[in-house]
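Order of appearance sets the numbers: ligands from 1, and atoms from 1 within every ligand. Position 1 is the first residue of the sequence; numbering continues from there.
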Amino acid sequence: MIDTQFPAGFIWGAATASYQIEGAWDQDGKSESIWDRFTHMPGKIVDGLTGDVACDHYHRWQDDVALMKEIGLQAYRFSVAWPRILPDGRGQINQPGIDFYSRLVDGLLAAGITPFITLYHWDLPQILQEEGGWASRTVSEAFAEYTDVITRALGDRVKHWMTLNEPFVSAYLGYELGFHAPGHTSREEHVAASFHLLLAHGLAVPVIRSNSPDAQVGIALNLSGQVPASSSLADRAAAWQSDGLNNRWYLDPLAGRGFPLDIIQLYGNPLEFIRPGDMDTIATPIDFLGVNYYTRKVVRSTIVPEAENAPREVFINSNLTDMDWEVCPEGLYNILGRLYFDYPFQNIYITENGAAYPDQIIANTRIDDPQRLAYLKSHFEAAHRAIAAGVPLRGYFVWSFLDNFEWAYGFTKRFGLTYVDYPTQRRILKSSAEWYRRVIAANAVID
Ligand code: FCB
């Protein structure tokens with residue numbers, strides 16, 4: 001008797017993003033994105049490589065859909081590259097770009113795989129960066145126009161839409177840390193970008209609904225529990241602040257609560273870019289929340305000197321992935337529970353979860369990845385426990401369907417269920433994918 005049976009109708013899938021897999025960066029009328037610009041600048045990417053070719057999915061999508069079918073995926077989350085659809089960011093439509101995604105959607109449906117589309121997974125048309133990128137309100141308005149074009153074209157067949165992927169990462173890593181495109185280092189731009197991303201989301205929701213009336217609309221946020229390193233007041237305050245920066249800054253406005261006051265105060269930003277009605281736009285109800293979860297964060301106060309703080313009680317366990325991220329399935333259970341108790345979202349999907357490990361090909365034919373399998377298994381079990389506790393979790397997307405271009409890490413990190421040999425573009429299903437196929441078939445966590 002299997003006691004990790006998932007509810008009937010639970011959706012098992014895998015995810016990717018346009019820039020990380022497509023390649024064809026300058027083909028068929030596509031314009032340059034901020035990631036094309038960024039990766040072509042020296043010193044930005046660990047291995048010096050770019051996503052010019054990546055997994056060449058743009059040309060190999062039919063084989064890739066066949067592989068998805070082989071794994072038994074019920075759903076596939078992918079993103080649309082805005083610069084393929086509107087090379088100028090707005091205005092003139094590039095039909096070959098639309099045709100590519102239209103064929104992909106038809107191919108998925110023919111294979112019995114439900115498409116879940118993310119409208120923005122970080123590849124902003126470079127031309128819109130020239131007007132300030134996400135620090136500028138005009139870009140939120142352009143996003144609504146882009147959303148209109150693509151949902152008009154695909155809204156008849158695609159019924160699950162996410163506006164944005166991880167606005168926190170776009171805004172913070174892109175505009176303040178400079179670790180991601182466009183590589184800026186301004187706190188002010190970060191805060192403005194976070195707002196304009198949320199505004200873009202809010203403007204897009206009714207557009208999607210009007211072009212695809214029975215669609216489910218959501219957003220994918222990166223959420224992780226911020227755990228105090230000790231029970232000292234200083235550590236608890238630091239963890240709460242970290243939660244505000246990472247989680248509440250996005251969750252609260254979406255839930256109609258406005259930006260969290262403690263973080264407004266911390267930023268010391270007058271938020272003058274907010275106009276009357278904007279916070280209501282952002283709070284337009286959504287059908288589901290997408291959760292991208294990888295690890296938790298243990299937070300130690302930097303205000304109280306180490307010697308004066310209470311001794312650490314919480315330690316990062318030594319089980320780390322190749323990203324040096326702590327393996328902590330309990331953190332997934334906790335974040336799901338917290339969402340259930342503190343927020344009004346009626347449906348939740350895990351829109352990303354997975355692990356990078358340095359896979360080795362054996363005898364040129366197979367990849368055994370027991371660590372990835374163990375990672376996924378423990379997180380599936382945590383998700384199952386969350387459902388048993390009442391969390392309305394509807395589906396699970398493993399990151400990622402394919403090994404791919406891992407942003408600033410280039411091709412040095414492999415997250416795929418499918419191994420990609422980049423020089424030949426050969427794909428090989430890893431043993432975790434074979435196992436995942438059996439999980440999907442059983443709709444239960446199996447050994
Ligand atoms: C997330 C991104 C995704 C991938 C994973 C590892 O932050 O959304 O594109 O890079 O991390």
Side-chain angles (χ1 to χ4, degrees), residues 13-23 33-35 38-39 44-47 49-51 54-55 57 76-82 116-124 134 162-177 179-181 194 197 201 218-225 245-247 250 289-297 320-328 331-332 335 349-359 369 371-372 375-376 379 396-418 420 432:
T16 63
S18 46
Y19 186 71
Q20 296 180 274
I21 65 163
E22 285 178 0
S33 78
I34 56 173
W35 271 94
F38 189 70
T39 56
K44 300 293 185 195
I45 308 302
V46 167
D47 55 12
L49 298 174
T50 71
C55 306
H57 171 77
Y76 173 50
R77 171 177 180 240
F78 63 98
S79 77
V80 170
W82 184 348
F116 278 58
I117 292 187
T118 311
L119 291 166
Y120 183 73
H121 200 128
W122 308 352
D123 40 4
L124 186 73
W134 289 110
M162 281 145 286
T163 53
L164 307 175
N165 180 70
E166 302 188 355
F168 168 82
V169 175
S170 301
Y172 182 56
L173 276 71
Y175 291 85
E176 180 167 336
L177 289 186
F179 186 55
H180 278 185
S194 71
L197 281 155
H201 157 82
I219 183 170
L221 301 182
N222 55 296
L223 299 173
S224 65
L245 293 164
N246 288 270
N247 301 334
Y250 294 90
L289 181 73
V291 177
N292 294 358
Y293 175 85
Y294 290 92
T295 189
R296 67 168 174 177
K297 196 168 156 202
L320 305 178
T321 70
D322 197 30
M323 298 294 283
D324 284 337
W325 294 345
E326 180 191 15
V327 178
C328 185
L332 176 62
I335 197 79
Y349 287 88
I350 293 165
T351 37
E352 287 181 25
N353 173 251
Y357 289 105
D359 302 305
D369 56 343
Q371 292 173 300
R372 182 172 295 101
Y375 179 98
L376 291 172
H379 287 75
Y396 205 118
F397 291 82
V398 171
W399 185 272
S400 173
F401 162 57
L402 289 175
D403 289 341
N404 59 47
F405 181 82
E406 179 48 35
W407 309 112
Y409 294 94
F411 294 99
T412 63
K413 306 293 177 192
R414 293 183 177 273
F415 274 92
L417 291 163
T418 309
V420 178
S432 58

* Structure fact -> Nearest non-hydrogen protein atom to atom 2 (C) of ligand 1, with distance, is E352 OE1, 3.4 Å
* **S18 side chain to S79 side chain, donor-acceptor N/O pair below 3.5 angstrom** => yes
* Could E352 and R77 be called an ion pair, given the rule that one side-chain N must be under 4.0 Å from one carboxylate O? -> yes
* **Aromatic ring proximity, centroids under 6.0 angstrom, Y349 and Y396** => no
* List the closest protein heavy-atom neighbour of atom 5 (C) of ligand 1: residue, atom name, distance to the nearest 0.1 Å. => Y294 OH, 3.3 Å
* Structure fact -> Heavy-atom proximity to atom 8 (O) of ligand 1 ranks first, among T118, N353, N165, T351, for N165
* To do: Could you list which atoms of ligand 1 come closer than 4.0 Å to a heavy atom of H121?
  => 2 (C), 3 (C), 8 (O), 9 (O)
* Asked: For ligand 1, which atoms, with element, lie under 4.0 Å from some heavy atom of F415?
  -> 6 (C)
* Structure fact -> For W399, the ligand 1 atoms with a heavy-atom partner under 4.0 Å come out as 3 (C), 4 (C), 5 (C), 6 (C), 9 (O)
* Asked: Which protein heavy atom lies closest to atom 10 (O) of ligand 1, and at what distance to 0.1 Å?
  -> E406 OE1, 2.7 Å
* Asked: Given the rule in the ring pair (Phe, Tyr, Trp, His ring centres under 6.0 Å) test, do F411 and F405 qualify, once you have shown the distances and angles that lead to the verdict?
  -> CA-CA 5 Å; F411 294 99; F405 181 82; 5.2 Å; yes
* Out of curiosity, is M323 lining ligand 1, as in a heavy atom under 4.0 Å away? -> no
* **Listed partners of F38 passing ring pair (Phe, Tyr, Trp, His ring centres under 6.0 Å), at least two apart** => W35
* Donor-acceptor pair between D47 and T412 side chains, under 3.5 angstrom -> no
* Asked: Please state which protein non-hydrogen atom is closest to atom 7 (O) of ligand 1 and give its distance, to 0.1 Å?
  -> E166 OE1, 2.6 Å
* To do: Would you kindly say whether T16 and Y76 are connected by a side-chain donor-acceptor distance under 3.5 Å?
  => yes
* **Ligand-side contact atoms (ligand 1) for residue partner W407, heavy atom cut-off under 4.0 Å** => 3 (C), 4 (C), 9 (O), 10 (O)
